[in-house]
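One structure is given here, and the rest of the page talks about it.
Along the sequence shown, residues carry numbers from 1. The model shown is predicted, which means the values in this text are computed figures rather than measured ones.
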Amino acid sequence: MPAPRFFGNRGIADSLFRMAAANRLPQTLLFAGPAGIGKATLARLLAAGINCDRGPARPCGECSACLRILAADLFRAEYRKQLEERAKLPAAKRSESPLIVSTHPDFLIFPPDGPLRMIQIEQARRLRQAARYNPSEGRRRVFVIDRADRANPEAANALLKTLEEPAPALTIILIAENPYELLPTIRSRAIPFYFAPLASDEVERFLATREEIPPEERGRTAAWSGGSPGRAVALDIEEFIRRREAMLTLLQTALGAVEFARLAGEMQSFTRAGGGSIESAAEMLYSLLRDLLRIKLGAGGVLTHADIRADLAPLAERAAFEWVERARAQTAELEKLQRRNIQKQMALEALALDLRASA
Ligand SMILES: [Zn+2]
């Protein structure tokens, strides 16, 4: 394996590698930002670089320490399967053997566990015990708490105790999509790094190093990923187009551009085939509405859905700014409702009708 590259958020990566090389890495780091933009990847690269046979520096990607640490990628199929299997176990079984992923004795990952995907108290206890030991092979131990913002209260309190008693050769990396859901007392102990979405061409360069997306699809997949390489490699192009077609029809209906009868058919096939979720519908609506705004503002920026600009432009003309704002607010309301087991097709049609009344 050649020396691994990190895509995007270069300022963050540079400063962390600098601190690591000078052996001045803080005890607790917070990596915050949306899913799939490289937070866990950078945690692995950092841990590998610190413990690399040729380090501390950026990881060489070839020595045994690098290979083992870099292999702990929870997006790999083997780990995804393992996590799905665990979610089916009874709670007692799970607490007997708390979930910890470790491919190197000085690098431990604590992923959220169970059907609700939460960090559990048993994991936090094991972390606290493990924090007492010195590095056994490498220079510095690195523990990663993946989705620390999803720790239940007992786990969060146990974690706080560990952070209050810093161990000399240990760095704990808290990964969070919503850092404000961490206990303030935990947040205040961590040095925060806020990861930003990548530019579309950066995602495209990343895709060029991977095999998941064929070369001719890289451009639009990158644009559709919202700046998230993780989302780009996992993107199902056919599903995305189907979902977009359905949500475009919803907006067209809401703006009186097509007949209501067409919407019912589209919503039925969206909620039936593959069970399109409210969450995935909302995500698509937000990104279409964002593009409508961009067109209305005449902003030079690139559209997420540049390939259907011809469909979006007449809608942007029909929609007032206030309408777009209302559509966003009502989509957010719809997302809250999904927790109450609503009938999806009806909810989506109601959204279109409501917005049509105010168009
Ligand atoms: Zn190495």
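- Nearest heavy-atom pair across Ile308 and Arg244 is CG2-NH2, 3.5 Å.
- Here CD of Glu154 is found 9.0 Å from CE of Met118. Values are rounded to the nearest 0.5 Å.
- No donor-acceptor pair closer than 3.5 Å links the side chain of Asn178 to the backbone N or O of Tyr180.
- Residue Phe260 places its CZ atom among more than 12 non-hydrogen atoms of other residues, nucleotides or ligands, all under 6.0 Å distant.
- Using modelled atom types and a 3.5 Å distance limit, the side chains of Tyr79 and Glu84 yield no donor-acceptor pair.
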Would you sort out whether Glu122 and Arg94 count as a salt bridge (charged side-chain N to carboxylate O under 4.0 Å, His left out), showing the intermediate values? CA-CA 9 Å; Glu122 295 82 9; Arg94 278 197 305 270; over 6 Å; no
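- In summary, the side chains of Arg189 and Thr185 do not present any donor paired with an acceptor at a separation below 3.5 Å, with no hydrogens or angles considered.
- A distance-only check finds a donor-acceptor pair linking the side chain of Asp149 to the backbone of Glu177 [under 3.5 Å].
- In this structure a side-chain-to-backbone donor-acceptor pair under 3.5 Å is present from Gln123 to Leu99.
- Here the CD-CD1 distance, from Glu245 to Ile241, works out to 9.0 Å after rounding to the nearest 0.5 Å.
- Under a 3.5 Å cut-off, the side chain of Asp106 and the backbone N or O of Ser136 do form a donor-acceptor pair.
- Of all heavy-atom pairs between Ile173 and Ala43, the closest is CD1-CB, 3.8 Å.
- Residues Gly61 and Cys66 share a closest heavy-atom pair of N-SG, 3.4 Å.
- Using modelled atom types, one side-chain atom of Arg117 and one backbone atom of Pro112 make a donor-acceptor pair closer than 3.5 Å.
- The local environment of CD in Glu211 is sparse, with at most 12 non-hydrogen atoms from other residues, nucleotides or ligands closer than 6.0 Å.
- Within the 3.5 Å criterion, the main-chain N or O of Phe270 finds no donor-acceptor partner in the side chain of Lys344.
- Taking OG1 from Thr304 and CG from Leu288, the interatomic distance works out to 8.5 Å, rounded to the nearest 0.5 Å.
- Side-chain contact, Arg140 with Thr171: a donor N or O sits under 3.5 Å from an acceptor N or O.
- With salt bridges taken as basic N to acidic carboxylate O contacts below 4.0 Å, none links Arg309 and Asp307.
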Report the C-alpha separation of Glu62 and Arg54 in whole Å, then their side-chain angles, then the decisive distance to 0.1 Å, and conclude whether the salt bridge (charged side-chain N to carboxylate O under 4.0 Å, His left out) test is met. CA-CA 10 Å; Glu62 285 167 347; Arg54 301 172 208 167; 3.5 Å; yes
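- Using a cut-off of 4.0 Å between Lys/Arg side-chain N and Asp/Glu carboxylate O, Asp73 and Arg80 are scored as not salt-bridged.
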Residues Gln345, Glu349; criterion side chain to side chain donor-acceptor pair (under 3.5 Å); working and verdict: CA-CA 6 Å; Gln345 186 186 339; Glu349 287 175 19; 2.9 Å; yes
Take Arg58 and Asp14, measure what salt bridge (charged side-chain N to carboxylate O under 4.0 Å, His left out) needs, and give me the verdict at the end. CA-CA 10 Å; Arg58 289 184 181 254; Asp14 286 349; 2.6 Å; yes
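- We find the CG-OG1 distance between Leu355 and Thr253 to be 10.5 Å, quoted to the nearest 0.5 Å.
- At most 12 non-hydrogen atoms from other residues, nucleotides or ligands lie less than 6.0 angstrom from CD of Glu259.
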For Lys336 and Glu333: C-alpha separation, side-chain torsions, deciding distance, then whether salt bridge (charged side-chain N to carboxylate O under 4.0 Å, His left out) applies. CA-CA 5 Å; Lys336 283 187 209 149; Glu333 284 303 311; 3.3 Å; yes
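- Annotation: Glu239, atom CD; neighbour count of heavy atoms from other residues, nucleotides and ligands within 6.0 Å is above 12.
- Residues Ala65 and Asn51 share a closest heavy-atom pair of CB-O, 3.3 Å.
- By the 30° and 60° cut-offs, the orientation of the rings of Phe240 relative to Trp224 is parallel.
- Atom CD of Glu317 has 12 or fewer neighbouring heavy atoms from other residues, nucleotides or ligands inside a 6.0 Å radius.
- In this structure, the side chain of Arg44 does not engage the main chain of Ala71 through any donor-acceptor pair within 3.5 Å.
- The 12-atom threshold is exceeded at CZ of Phe321, counting heavy atoms of other residues, nucleotides or ligands nearer than 6.0 Å.
- Here the CZ atom belonging to Phe206 is positioned 10.5 Å from the CZ atom belonging to Arg5, to the nearest 0.5 angstrom.
- By the 6.0 Å contact criterion, CD on Glu78 is enclosed, its count of non-hydrogen atoms from other residues, nucleotides or ligands being greater than 12.
- Between Gly8 and Leu198, the shortest heavy-atom distance links the atoms CA-CG, 3.7 Å.
- A side-chain donor-acceptor contact under 3.5 Å links Lys296 to the backbone of Ala316.
- Side chains of Ser228 and Ser225: no donor on one and acceptor on the other come within 3.5 Å.
- Using modelled atom types, one side-chain atom of Arg68 and one backbone atom of Ser64 make a donor-acceptor pair closer than 3.5 Å.
- Atoms CZ and CG, from Arg328 and Leu285 in turn, are 12.0 Å apart once rounded to the nearest 0.5 Å.
- The two atoms that bring Leu45 and Leu70 nearest to each other are CD2-CD2, 3.7 Å, heavy atoms only.
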